[in-house]
Amino acid sequence: MTVRILVATGEPSGDLHGAHVYAALTQRFPDAEIEAIGGAHLRRAGAFIRAPIEGLGAMGLVEIITAVPAHYRLLRSLRRDFRARRYDLVIPIDYPGFHLYVAESARAAGIPVLWYIAPQLWAWRPGRAVKLARAVDRLAVILPFEPAFFSKAGIAAQYVGHPLLDGVSRPDRPTARARLDLSADVRVLTVLPGSRPGEIRRLWPAFRDAAMQLLDTKACDVVLVAGTDRGEYPGSARFRVVRDQPRDLLAAADAALAKSGTTTLETALADVPMVVAYSVNPISARLLRWMMTSRWVALVNLIAEREIVPEFLQGDVTPAV
């Protein structure tokens with residue numbers, strides 16, 4: 001009997017992790033039929049894309065509202081397939097707002113759910129753990145303290161290691177600088193404004209202007225921008241926008257200006273000093289502040305349970321140095 005699996009992602013970083021999951025699944029179950037909700041990474045991995053993620057990814061409660069119609073159409077289609085038992089297993093990856101509904105619908109139809117990269121309920125809205133327990137069979141978590149947290153809610157969770165540590169080859173500084181045609185003595189600032197169009201639009205002006213000031217004051221010699229395939233970076237003529245080489249950009253850097261999220265872990269693993277910033281719609285920010293249970297937003301600070309890197313949020317995200 002052929003096993004049918006759905007791998008569901010909702011934004012670019014999840015799509016990247018999904019490509020690795022797809023590769024592992026095809027190696028272990030070569031005869032399985034695997035479909036994906038995904039983007040460029042899963043396409044390149046060879047997955048059949050039953051629905052694209054373009055138009056789905058959003059951060060902030062207000063921002064998500066604009067993407068509701070696309071999410072609703074996809075969820076309605078998935079529910080039909082779940083009732084028809086099109087899949088034997090559903091694997092949601094991260095993207096908790098939408099995937100919680102996907103998981104609930106799959107499990108209601110009797111389809112097992114294995115969630116990879118669990119919602120960060122330990123940071124905000126821990127009460128949702130009850131709802132999550134009803135929606136999943138197992139969690140595959142990527143932070144070492146998460147199994148203990150989720151076990152208290154009656155959810156079977158197994159720590160599987162962080163994907164950033166999974167067989168990743170990181171270039172050394174001389175190699176990265178050679179690839180980027182940078183000399184050994186230049187001082188490099190790497191700017192990481194995110195992958196979602198919305199977060200790039202909100203963060204880029206402040207990131208750009210701060211980097212410009214650092215160039216003007218001779219605090220750095222070169223500014224590298226980690227760009228996405230479709231990202232737009234107006235006013236970047238004095239910078240180098242480099243797409244699809246994030247590990248080289250970090251290995252070559254003397255310092256980084258990074259948006260919060262997995263980016264902060266990648267930067268820490270590259271042993272690069274950083275400043276972290278993030279901004280969402282003001283209404284979203286007030287709601288999130290009300291729901292948060294953690295003092296910090298940067299993952300490196302959350303894991304360390306103390307401020308290792310400075311955080312600048314909302315109104316504090318300015319180019320002032």
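The basis for the numbers below is simple: all heavy atoms, side chains too, and nothing from hydrogens, waters or symmetry mates.
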**Item:** Of all pairs that satisfy salt bridge (charged side-chain N to carboxylate O under 4.0 Å, His left out), the ones with a partner from residues 149-158, not counting sequence neighbours
**Value:** none
**Request:** Tell me, with the steps shown, if L74 and F98 meet side-chain contact (heavy atoms from CB on, under 4.5 Å).
**Result:** CA-CA 10 Å; L74 178 55; F98 177 64; 3.9 Å; yes
**Item:** Test log, rule side-chain contact (heavy atoms from CB on, under 4.5 Å), inputs L139 and Q158
**Value:** CA-CA 6 Å; L139 295 176; Q158 181 173 347; over 6 Å; no
**Request:** Just do the side-chain contact (heavy atoms from CB on, under 4.5 Å) check on W204 and V225 with the steps written out, would you?
**Result:** CA-CA 10 Å; W204 174 246; V225 179; 3.8 Å; yes
**Message:** With a 6.0 Å cut-off (strictly less than), is the heavy-atom count around OH of Y233, excluding the residue itself, greater than 12?
**Reply:** yes
**Asked** Mind checking what makes side chain to side chain donor-acceptor pair (under 3.5 Å) contact with H20, not counting sequence neighbours?
**Response** none
**Message:** For a side-chain contact (heavy atoms from CB on, under 4.5 Å) check, start with the C-alpha distance between R230 and E54, then their side-chain angles and the critical distance, and finish with the verdict.
**Reply:** CA-CA 11 Å; R230 300 183 181 183; E54 288 76 16; 3.8 Å; yes
**Prompt:** Do you know which two heavy atoms are closest between L192 and F207, and how far apart they sit?
**Reply:** O-CE2, 3.7 Å
**Prompt:** Do V188 and V186 come close enough that some side-chain heavy atom pair is under 4.5 Å?
**Reply:** yes
**Prompt:** Do you see a donor-acceptor pair shorter than 3.5 Å between the side chains of Y87 and E35?
**Reply:** yes
**Request:** Write down the atom of A253, the atom of T190, and the distance for their closest heavy-atom approach.
**Result:** CB-OG1, 3.3 Å
**Request:** Check whether more than 12 heavy atoms from other residues, nucleotides or ligands sit under 6.0 Å from atom CZ of R243, and answer yes or no.
**Result:** yes
**Asked** Quick one: CZ on F150 to CG on L132, what's the gap to the nearest 0.5 Å?
**Response** 6.0 Å
**Message:** Which residue in the set D81, D31, D88 passes salt bridge (charged side-chain N to carboxylate O under 4.0 Å, His left out) when paired with R4?
**Reply:** D88
**Polar side chain donor-acceptor pair, S13 to E11, under 3.5 angstrom** = yes
**Asked** salt bridge (Lys or Arg N to Asp or Glu O under 4.0 Å) between R173 and D248: does it pass, once the steps are laid out?
**Response** CA-CA 8 Å; R173 185 185 181 90; D248 284 342; over 6 Å; no
**Asked** Which heavy atom in V191 sits nearest to a heavy atom in A211, and how many Å separate them?
**Response** CG2-CB, 4.3 Å
**Request:** Could you pull out all residues at least two apart from H17 that satisfy ring-ring contact (aromatic ring centres under 6.0 Å, His included)?
**Result:** none
**Asked** Run the salt bridge (Lys or Arg N to Asp or Glu O under 4.0 Å) check on R240 and D221 step by step: do they pass?
**Response** CA-CA 12 Å; R240 286 181 55 187; D221 304 308; over 6 Å; no
**Request:** Would you name the heavy atoms of L89 and P112 that are closest together and state the gap between them?
**Result:** CD1-O, 3.5 Å
**Asked** Among all residues two or more places apart in sequence or in another chain, which pass the salt bridge (charged side-chain N to carboxylate O under 4.0 Å, His left out) test with R79?
**Response** none
**Message:** Taking D172 first and then R177, would you say they form a salt bridge - that is, a charged N and a carboxylate O separated by under 4.0 Å?
**Reply:** no
**Request:** List in chain and number order the residues that pass side chain to side chain donor-acceptor pair (under 3.5 Å) with D137, two or more places apart in sequence or in another chain; answer none if no residue qualifies.
**Result:** R107
**Request:** Identify whether NZ of Lys or CZ of Arg in K259 sits under 6.0 Å from the centre of the six-membered ring of F312 and within 45° of that ring's axis.
**Result:** no
**Message:** Is it the case that atom CZ in R28 sees more than 12 heavy atoms from other parts of the structure closer than 6.0 Å?
**Reply:** no
**Request:** Kindly write out the residues that satisfy salt bridge (charged side-chain N to carboxylate O under 4.0 Å, His left out) with E146, not counting sequence neighbours, or none if the list is empty.
**Result:** none
**Asked** Are R187 and D254 ion-paired here, with the side-chain N under 4.0 Å from a carboxylate O?
**Response** no
**Prompt:** Between R83 and S105, do the side chains contain an N or O donor and an N or O acceptor separated by less than 3.5 Å?
**Reply:** no
